[in-house]
A.B. asks: 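A single structure is presented below for examination.
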There are 2 protein chains.
Amino acid sequence: MSRASQQAYAKIRAHLLSGQVQPNEQLTEDQLAQITGVSRTPVREAVRRLEDELLLVRSDTKRLFVADWSRDDIEEMFSLRQMLECHAAERAAQRLSREKITQLEAVNHALKDAIAQDPPDVARFLEANRCFHEAIVDAADSPRLGQMLSKLVEAPVVLRTARTYSLDDLRQSSRDHDELIAAFTARDPDWARAVMGSHLRRAFHTFARSVGPQTGGAVPGGK
Amino acid sequence: MSRASQQAYAKIRAHLLSGQVQPNEQLTEDQLAQITGVSRTPVREAVRRLEDELLLVRSDTKRLFVADWSRDDIEEMFSLRQMLECHAAERAAQRLSREKITQLEAVNHALKDAIAQDPPDVARFLEANRCFHEAIVDAADSPRLGQMLSKLVEAPVVLRTARTYSLDDLRQSSRDHDELIAAFTARDPDWARAVMGSHLRRAFHTFARSVGPQTGGAVPGGK
DNA sequence: CGGACGTTATTTGTATACAATAACTGTTCA
DNA sequence: TGAACAGTTATTGTATACAAATAACGTCCG
């Protein structure tokens with residue numbers, strides 16, 4: 001994706017995550033072109049990508065709206081992520097080199113450092129966490145799997161905006177990572193899969209608890 | 001996707017599947033615009049979609065090539081499809097209404113009709129088969145799952161061009177469908193998942209056998 | 001009043017011209 | 001010969017103007 005398109009994508013995405021727009025609000029390509037400072041052509045390219053990521057949706061008459069995710073949507077995404085990333089962990093366990101495992105250890109060390117700050121450095125934690133999971137997906141060596149997961153992993157970030165992580169949550173995550181590393185070192189795919197499964201399933205419940213039982217979901221323009 | 005874009009997509013896709021172009025052959029947007037009879041703007045939209053489906057790939061310098069799938073690529077896609085569609089079958093078993101199951105039976109009946117022709121009507125078989133699987137994915141009621149699967153299901157069709165189905169293969173497929181319907185009627189998710197798993201795994205081996213152990217894979221422009 | 005219709009304004013879709021970038025080709029100089 | 005460079009050609013990226021489609025609005029007729 002080239003300069004203007006990439007820029008448009010990043011700015012629109014940031015705009016959506018910033019909370020300046022509401023779910024189901026209509027957007028026009030012209031607006032977005034103004035916001036991003038490029039013409040409609042690259043905006044359209046960026047919008048298509050954001051549609052693919054389900055951050056934007058179109059009505060049946062091609063008008064553009066900010067997506068509103070229902071509880072079911074979120075649960076679905078966590079389920080799919082779990083299924084795919086367990087598969088990734090299984091494959092990674094059969095493929096990770098000794099060096100790569102060492103790198104994972106380093107990343108998890110950095111993650112623990114971030115937790116150990118007072119107050120915990122959540123931004124650094126999230127970055128290290130992202131890096132850890134990404135390395136596993138990479139090691140799975142399955143390009144389509146990676147492509148699918150990248151969409152799912154980035155998405156829930158949208159709603160996490162005001163979310164507060166408890167220190168216990170963060171610590172438990174780092175322990176899960178330790179155990180994943182142990183599974184990789186033992187080259188045990190079943191173990192890796194199982195740990196990844198509980199790791200992500202717990203993440204879902206933590207997330208769901210913090211968000212509460214709100215709903216949402218219907219598209220305004222009809223769909 | 002609107003008129004010109006959709007048309008461009010369909011024509012380019014048909015062009016790729018027709019065998020008039022070779023893997024790793026370079027294409028230009030201008031060429032495709034001429035072939036499809038629309039301007040470059042909708043062609044670019046179609047191309048991006050085909051890139052997403054991995055029928056086209058870009059070199060590191062943004063030049064466009066016909067994708068060349070290695071044996072690993074194909075195996076990867078079958079694996080992912082199996083994982084996702086087993087999940088779909090499981091969910092479908094918990095959701096399919098009695099009417100929907102009746103519709104599945106009708107579709108499978110049509111599929112058997114197609115087989116019973118002399119010679120077997122492979123085109124009609126494929127269409128009924130597509131319809132059968134699509135109905136199951138629909139019933140799973142998981143939009144992102146459907147989106148992912150649609151990419152995977154359509155893709156291997158590319159290589160199947162000259163493929164010849166044996167009568168036994170076709171008959172076994174219809175029997176698998178019978179058993180899936182039985183599992184749905186019994187509302188047994190585990191059964192449905194298991195049948196779907198063996199159904200698709202066998203399809204992979206049938207496919208692999210017919211294609212042979214050829215390779216392919218490297219992208220010309222570098223990447 | 002109220003609903004069907006036609007008109008206007010808004011928004012998306014397409015074509016085209018031009019700009020930026022990458023590939024190619026031939027030439028020069030060790 | 002052959003490696004670096006310059007100029008040319010080919011290809012993709014962006015902006016803009018215009019066409020098509022859709023929504024919004026007001027008016028007329030019942």
Side-chain angles (χ1 to χ4, degrees), chain A residues 1-13 15-16 21-68 218-223, chain B residues 1-16 20-68 218-223:
Chain A
M1 229 182 188
S2 213
R3 205 194 104 260
S5 300
Q6 179 59 44
Q7 182 176 325
Y9 172 79
K11 284 204 183 175
I12 296 171
R13 189 170 211 284
H15 192 241
L16 294 174
V21 290
Q22 295 205 331
N24 294 332
E25 184 176 332
Q26 182 174 359
L27 299 175
T28 69
E29 295 174 356
D30 265 325
Q31 279 176 6
L32 296 175
Q34 286 199 318
I35 291 173
T36 58
V38 300
S39 81
R40 270 180 58 214
T41 308
V43 163
R44 280 173 67 86
E45 209 168 314
V47 162
R48 289 225 359 205
R49 193 162 146 194
L50 290 162
E51 277 182 78
D52 199 48
E53 293 174 6
L54 297 172
L55 269 69
L56 297 175
V57 295
R58 271 184 200 279
S59 71
D60 50 356
T61 58
K62 312 297 185 190
R63 273 158 169 74
L64 204 61
F65 298 88
V66 179
D68 181 24
V219 179
K223 166 50 199 257
Chain B
M1 229 183 189
S2 213
R3 207 194 102 258
S5 300
Q6 179 57 44
Q7 183 175 325
Y9 172 79
K11 284 204 183 177
I12 295 170
R13 190 171 211 283
H15 192 241
L16 293 174
Q20 294 176 47
V21 291
Q22 296 206 329
N24 294 332
E25 185 177 330
Q26 183 175 358
L27 299 174
T28 69
E29 296 174 356
D30 265 325
Q31 279 176 5
L32 296 175
Q34 286 200 318
I35 291 172
T36 58
V38 300
S39 82
R40 271 180 58 214
T41 308
V43 164
R44 281 172 66 86
E45 207 168 316
V47 161
R48 295 240 346 201
R49 191 161 148 197
L50 290 162
E51 277 181 77
D52 199 47
E53 293 173 6
L54 297 172
L55 268 69
L56 297 175
V57 295
R58 273 187 198 278
S59 71
D60 49 357
T61 58
K62 313 294 185 191
R63 272 159 170 73
L64 202 63
F65 297 89
V66 179
D68 182 23
V219 179
K223 166 48 192 266

A.B. asks: Counting the atoms with a prime plus P, OP1 and OP2 as sugar-phosphate, which does A:Arg40 contact under 4.0 Å by heavy atoms, base, sugar-phosphate, or nothing?
C.D. replies: base
A.B. asks: Taking atom CD of B:Glu29 and atom OG1 of B:Thr36, what is their separation to the nearest 0.5 Å?
C.D. replies: 11.0 Å
A.B. asks: Between C:dT11 atom C1' and A:Gln34 atom CD, what is the distance in whole Å?
C.D. replies: 14 Å
A.B. asks: When you measure from the side chain of A:Arg63, which nucleotide among C:dA15, C:dT10, D:dA10 comes out closest?
C.D. replies: C:dT10
A.B. asks: Does C:dA15 have OP1 or OP2 under 4.0 Å away from a side-chain N or O of B:Ser39?
C.D. replies: yes
A.B. asks: What's the spacing between B:Leu50 CG and B:His15 NE2 if we round to 0.5 Å?
C.D. replies: 12.5 Å
A.B. asks: B:Leu32 CG to D:dG13 P: how many Å, rounded?
C.D. replies: 13 Å
A.B. asks: Just compare C:dT11, C:dG13, D:dT12 and give me whichever is closest to any side-chain atom of A:Gln26.
C.D. replies: C:dT11
A.B. asks: Using a 4.5 Å cut-off on heavy atoms from C-beta on, say whether the side chain of B:Arg48 contacts that of A:Met1.
C.D. replies: yes
A.B. asks: Using whole Å, what does the distance between atom P of nucleotide C:dA22 and atom CZ of B:Phe65 come to?
C.D. replies: 14 Å
A.B. asks: To the nearest 0.5 Å, how far apart are CD1 in B:Ile12 and CG in B:Leu56?
C.D. replies: 7.5 Å
A.B. asks: Can you tell me how far P of D:dG13 sits from CZ of A:Arg48, to the nearest Å?
C.D. replies: 14 Å
A.B. asks: For a quick test of reading the model: is some side-chain N or O of B:Ser5 closer than 4.0 Å to OP1 or OP2 of C:dG13?
C.D. replies: no
A.B. asks: Output the single nucleotide from C:dA15, C:dT11, D:dG13 whose closest atom is nearest the side chain of B:Glu29.
C.D. replies: D:dG13
A.B. asks: Please tell me which of A:Lys62 and A:Pro42 maps to the more 5' nucleotide of DNA chain D, matching each residue to the nucleotide holding its nearest heavy atom.
C.D. replies: A:Pro42
A.B. asks: According to a strict under-4.0 Å criterion, is A:Ser2 in side-chain N/O contact with OP1 or OP2 of C:dA20?
C.D. replies: no
A.B. asks: Find the distance between CG (B:Leu64) and CD (B:Glu51) and round it off to the nearest 0.5 Å.
C.D. replies: 6.0 Å
A.B. asks: Return the 5'-most residue of the pair B:Arg3, A:Gln6 with respect to DNA chain D, ranking by each residue's nearest nucleotide.
C.D. replies: A:Gln6
A.B. asks: Just the rounded figure in Å: distance from P of C:dT12 to CD of B:Glu45.
C.D. replies: 13 Å
A.B. asks: So what does B:Thr28 touch, heavy atoms closer than 4.0 Å: a base, only the sugar-phosphate, or nothing?
C.D. replies: sugar-phosphate
A.B. asks: Starting from P on D:dT12, measure out to CG on B:Leu56 and report it in whole angstrom.
C.D. replies: 11 Å
A.B. asks: Tell me: CZ of A:Arg44 to C1' of D:dA15, nearest whole Å?
C.D. replies: 14 Å
A.B. asks: Does B:Thr61 have a side-chain nitrogen or oxygen under 4.0 Å from the phosphate oxygens OP1 or OP2 of D:dT11?
C.D. replies: no
A.B. asks: B:Asp30 CG to D:dT12 P: how many Å, rounded?
C.D. replies: 8 Å
